[in-house]
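Okay, structure first, notes after.
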Amino acid sequence: MNLIFLGPPGAGKGTHAVRLSQQLGIPQISTGDMLRSHVREQTDLGIEAKKYMDAGELVPDDVIIGMVKMRLQDADCKNGYIFDGFPRTVAQAEALDAFADIDAVLNLIVSDEVIIDRLSGRRVCPQCNGTFHLRYLENKELCPVCGNKLVQRKDDLPETVLNRLDVYRRQTQPLIAYYDQKGLLRNADGEGSVDDNYNGVLQALDIQ
Ligand code: AP5
């Protein structure tokens, strides 16, 4: 099964894509995680991408398309995959049409108020990649899974979150109509509890 998870920043794409990837035994391909790993390793691509990411802007299409094309050649993608955060522009979606067959596109629906609350309270663990919200952390400083120091993503600072929402509306939202016209779009609520939302995701995708 080849899937795309679509939705604004903070909609829960990563949260649900990781869980579904474990359930189906297929990889979650997050272009955001791939870029952050390039930034950490200070590759040429990472140094170029960092300035766009820190400002909440999209990294240029040709960089992203090349990176995804290479990733799909890995052996673990041969039985399916879940794109998380890709495609993000109509140009990326058109490029993808030329090298992949997509079965369904899941669109998570969440209001701006919920997104701002989620992202301003998000803390991540650079060691185990865990994602948490301050509200649910007993110890606000340390990862409850591995004990490493938690950090705030630079692009989760309030002014950058507002820009990411604006970029989403202008550049990514048109993909909803793009995939609806192809008959691939499935909508799911992204505002309830994580478990309720995940059940909605399974229902929307007809997965038992
Ligand atoms: P990326 O990492 O993809 O960021 P994003 O799309 O903005 O997505 P997020 O990771 O912020 O949100 P999410 O929907 O995955 O939500 P999550 O599950 O974490 O991209 C970062 C940057 O990289 C971009 O700005 C761009 O510069 C660049 N980039 C990446 N891909 C690109 C591309 N294709 N083209 C060009 N540039 C690209 O959840 C968020 C929080 O909410 C978490 O704390 C979580 O615990 C919590 N949460 C989730 N669901 C629930 C729930 N139901 N109830 C309560 N809390 C919840």
Side-chain angles (χ1 to χ4, degrees), residues 2-22 25-100 102 119 122-132 142-143 145-168 170-172 175:
N2 301 335
L3 301 172
I4 292 172
F5 275 25
L6 201 63
K13 301 183 295 293
T15 301
H16 299 307
V18 166
R19 195 159 163 185
L20 187 61
S21 127
Q22 287 159 357
I26 56 177
Q28 166 233 15
I29 302 179
S30 158
T31 42
D33 286 348
M34 291 165 83
L35 291 168
R36 279 184 287 278
S37 149
H38 276 282
V39 170
R40 269 195 305 275
E41 287 160 24
Q42 298 200 317
T43 65
D44 290 346
L45 192 157
I47 292 165
E48 172 69 9
K50 187 175 185 310
K51 51 184 188 234
Y52 296 99
M53 297 172 76
D54 285 353
E57 297 291 333
L58 295 183
V59 173
D61 288 334
D62 54 340
V63 174
I64 300 289
I65 292 163
M67 195 175 76
V68 169
K69 235 179 181 170
M70 273 182 61
R71 177 67 182 89
L72 287 192
Q73 285 165 13
D74 292 343
D76 65 338
C77 295
K78 74 174 192 308
N79 293 324
Y81 43 80
I82 306 169
F83 282 128
D84 160 10
F86 173 86
R88 282 274 235 284
T89 63
V90 171
Q92 290 180 18
E94 287 171 349
L96 180 66
D97 286 344
F99 61 85
I102 298 300
L119 295 186
R122 175 164 62 179
R123 295 295 179 272
V124 295
C125 174
Q127 181 70 29
C128 71
N129 245 348
T131 296
F132 312 95
L142 299 179
C143 174
V145 177
C146 71
N148 206 71
K149 194 165 166 33
L150 294 169
V151 297
Q152 183 172 31
R153 271 171 50 173
K154 243 188 176 162
D155 61 351
D156 280 348
L157 295 172
E159 60 281 10
T160 316
V161 168
L162 292 179
N163 190 43
R164 284 164 69 196
L165 275 170
D166 184 49
V167 167
Y168 166 77
R170 284 187 287 110
Q171 303 198 57
T172 308
L175 291 180

Item to check | Residue pair Lys51, Glu48: steps toward the side-chain contact (heavy atoms from CB on, under 4.5 Å) verdict | outcome: CA-CA 6 Å; Lys51 51 184 188 234; Glu48 172 69 9; 3.2 Å; yes
Next on the checklist: Looking at Gln42, I'd like to know if its CD atom is crowded, meaning that more than 12 non-hydrogen atoms belonging to other residues, nucleotides or ligands lie closer than 6.0 Å.
Outcome noted: no
Taking all atoms of both residues into account, what is the closest heavy-atom pair of [X] and [Y], and its distance?
{"X": "Arg71", "Y": "Cys77", "result": "NH1-SG, 3.4 Å"}
{"X": "Gly147", "Y": "Leu142", "result": "O-CD2, 3.7 Å"}
{"X": "Gln28", "Y": "Asp84", "result": "NE2-OD2, 2.9 Å"}
{"X": "Met53", "Y": "Val59", "result": "CG-CG2, 4.0 Å"}

Kindly compute the distance separating [atom1] ([X]) from [atom2] ([Y]), expressed to the nearest 0.5 Å.
{"X": "Ile64", "Y": "Thr89", "atom1": "CD1", "atom2": "OG1", "answer": "9.0 Å"}
{"X": "Lys154", "Y": "Arg36", "atom1": "NZ", "atom2": "CZ", "answer": "14.0 Å"}
{"X": "Ile47", "Y": "Glu41", "atom1": "CD1", "atom2": "CD", "answer": "11.5 Å"}
{"X": "Asp97", "Y": "Glu94", "atom1": "CG", "atom2": "CD", "answer": "7.5 Å"}
{"X": "Phe86", "Y": "Ile65", "atom1": "CZ", "atom2": "CD1", "answer": "6.0 Å"}
{"X": "Asp76", "Y": "Tyr81", "atom1": "CG", "atom2": "OH", "answer": "11.5 Å"}

Side-chain touch [X]/[Y], heavy atoms, less than 4.5 angstrom:
{"X": "Ile4", "Y": "Leu96", "value": "yes"}
{"X": "Tyr52", "Y": "Leu35", "value": "no"}
{"X": "Leu175", "Y": "Val90", "value": "yes"}
{"X": "Val145", "Y": "Cys125", "value": "no"}
{"X": "Arg40", "Y": "Pro126", "value": "no"}

Item to check | ring-ring contact (aromatic ring centres under 6.0 Å, His included) involving Phe5 - partner list, sequence neighbours excluded | outcome: none
Item to check | Test ring-ring contact (aromatic ring centres under 6.0 Å, His included) applied to Phe132 - qualifying residues, sequence neighbours left out | outcome: none
Between [X] (side chain only) and [Y] (backbone N and O only), is there a donor and an acceptor less than 3.5 Å apart?
{"X": "Thr131", "Y": "Val124", "value": "no"}
{"X": "Asn148", "Y": "Cys128", "value": "no"}
{"X": "Thr160", "Y": "Gly56", "value": "no"}
{"X": "Arg164", "Y": "Asp155", "value": "yes"}
{"X": "Gln171", "Y": "Val167", "value": "no"}

In a table with atom names and distances, give each donor-acceptor pair under 3.5 Å that connects a side chain of residues 10-21 to protein atoms at least two apart or in another chain.
{"from": "Lys13", "atom 1": "NZ", "to": "Gly7", "atom 2": "O", "distance (Å)": "3.2"}
{"from": "Lys13", "atom 1": "NZ", "to": "Pro8", "atom 2": "O", "distance (Å)": "3.0"}
{"from": "Arg19", "atom 1": "NH1", "to": "Asp195", "atom 2": "OD1", "distance (Å)": "2.9"}
{"from": "Arg19", "atom 1": "NH2", "to": "Asp195", "atom 2": "OD1", "distance (Å)": "3.2"}
{"from": "Ser21", "atom 1": "OG", "to": "Ile26", "atom 2": "O", "distance (Å)": "3.1"}

